[in-house]
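What follows is one structure encoded as structure tokens, with my remarks underneath.
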Amino acid sequence: MYSPGSIANLGPGFDVFGIALEGVGDIVLLKEQSEPGVKINVQGVGADRIPNDPSKNSSGAILEHIIKKHRLEHGFEVDVRKGIPPGKGMGSSGASASATAVAVNEMLGLRLSKEKIVELAAIGEGAVAGAPHADNVGASILGGFVMIGENWEFIQMDAPRFGIVVAVPDIYIENKTRVARELLPEKVLLKDAIRNINHASRMAVAIAQRDAVMFGKNINDLVIEPYRATMIPCFWDVKQAALDAGAYGSSISGGGPSVFAVGENVYEIGDAMKEAFKDIDVQLYYTQPSNRGARVI
Ligand code: HSE
């Protein structure tokens with residue numbers, strides 16, 4: 001089962017917006033095993049950073065949940081081939097969780113609704129992030145642009161084509177998503193909330209109207225970005241460099257520390273972002289929205 005990576009939040013849509021990415025994803029091979037429990041084998045990009053303990057692994061947590069819920073006597077073995085670098089904000093744990101949730105639904109013939117598959121995948125994401133959320137997994141499962149509701153009910157829209165650059169800095173933050181969530185304030189200013197609602201609404205309309213420029217120009221977040229910027233060296237310079245190079249918009253990719261930008265001249269934008277990270281090594285991903293979600297390959 002293949003599942004694409006994703007960018008969550010997309011600026012003002014914290015825990016609500018996600019978009020699936022073309023050309024970067026994880027592959028999960030799920031097998032039944034006669035012994036109970038879950039065995040996890042991970043290969044590929046950043047495999048050494050992925051916990052094999054099922055309760056701390058986004059695939060493992062899902063399978064343990066299923067074993068308990070359905071009182072299964074058998075266990076599972078899962079091979080995860082990582083194409084998405086973990087801990088960088090490109091929906092890495094979410095993609096593995098998504099592929100696993102879709103695969104186990106198929107394998108056991110559970111006939112779960114799409115909402116329930118999203119909910120199941122969010123359990124896996126929760127094991128890694130400390131709090132379940134479904135913006136990444138929603139995008140990975142469904143493809144395109146998603147908006148996740150409070151009870152995992154979603155709106156999915158196919159996205160128009162536009163260029164996306166993700167600048168992935170070579171910095172490692174232990175338990176990154178947990179840390180990134182702990183940085184956030186409990187209260188926000190009304191004027192900031194109003195501006196975020198305005199921008200987020202326009203982004204959703206932009207997708208529906210297939211207007212990439214309006215989408216990109218509304219990537220503005222006053223609620224989350226200022227707090228998380230503190231954990232990303234050079235963040236404000238990188239964002240400004242992307243905008244100066246012609247990006248329509250730029251913000252933190254998911255929980256960071258990667259920074260994404262939306263625009264047309266992606267190679268110039270990418271070069272500018274890389275330079276603004278100064279001494280930090282940066283890997284650039286040039287991608288676009290993928291309107292196809294998790295699928296058998
Ligand atoms: N919405 C999530 C967050 C995405 O920003 O914490 C990262 O998992």
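Read the numbers this way: they start at 1 and go in the same order the structure lists the ligands and their atoms.
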Quick one: sort the Phe145 and Phe215 rings into parallel, tilted or perpendicular, breaks at 30° and 60°. perpendicular
May I ask you to list the atoms of ligand 1 that are less than 4.0 angstrom from any heavy atom of Phe14? 3 (C), 5 (O), 6 (O)
Test side chain to side chain donor-acceptor pair (under 3.5 Å) on Asn52 and Asn57 and set out the steps. CA-CA 6 Å; Asn52 291 91; Asn57 177 289; over 6 Å; no
For ligand 1, which atoms have a heavy atom of Arg181 less than 4.0 angstrom away? 1 (N), 2 (C), 3 (C), 6 (O)
Taking atom NZ of Lys31 as the centre, does the number of heavy atoms from other residues, nucleotides or ligands within less than 6.0 Å exceed 12? yes
Determine, for Lys217 against Asp211, whether the closest basic-nitrogen to carboxylate-oxygen distance falls under 4.0 angstrom. no
Do other residues, nucleotides or ligands put more than 12 heavy atoms under 6.0 Å from the OH atom of Tyr267? no
Structural part of Lys176 in contact with ligand 1, heavy atom criterion under 4.0 angstrom: neither
Tell me which protein heavy atom sits closest to atom 8 (O) of ligand 1, plus the residue, atom name and distance to 0.1 Å. His133 NE2, 2.8 Å
Taking 4.0 angstrom as the limit and counting only heavy atoms of Ala8, give me the atoms of ligand 1 inside it, by number and element. 4 (C)
Ligand-side contact atoms (ligand 1) for residue partner Asn136, heavy atom cut-off under 4.0 Å: 4 (C), 7 (C), 8 (O)
Looking at CD1 of Ile219 and CD1 of Ile7, how far apart are the two atoms once the value is rounded to the nearest 0.5 Å? 8.5 Å
Would you check whether Thr177 has a nitrogen or oxygen atom less than 3.5 angstrom from a nitrogen or oxygen atom of ligand 1? no
Using a 4.0 Å cut-off to any heavy atom of Asp15, which atoms of ligand 1 qualify? 1 (N), 2 (C), 3 (C)
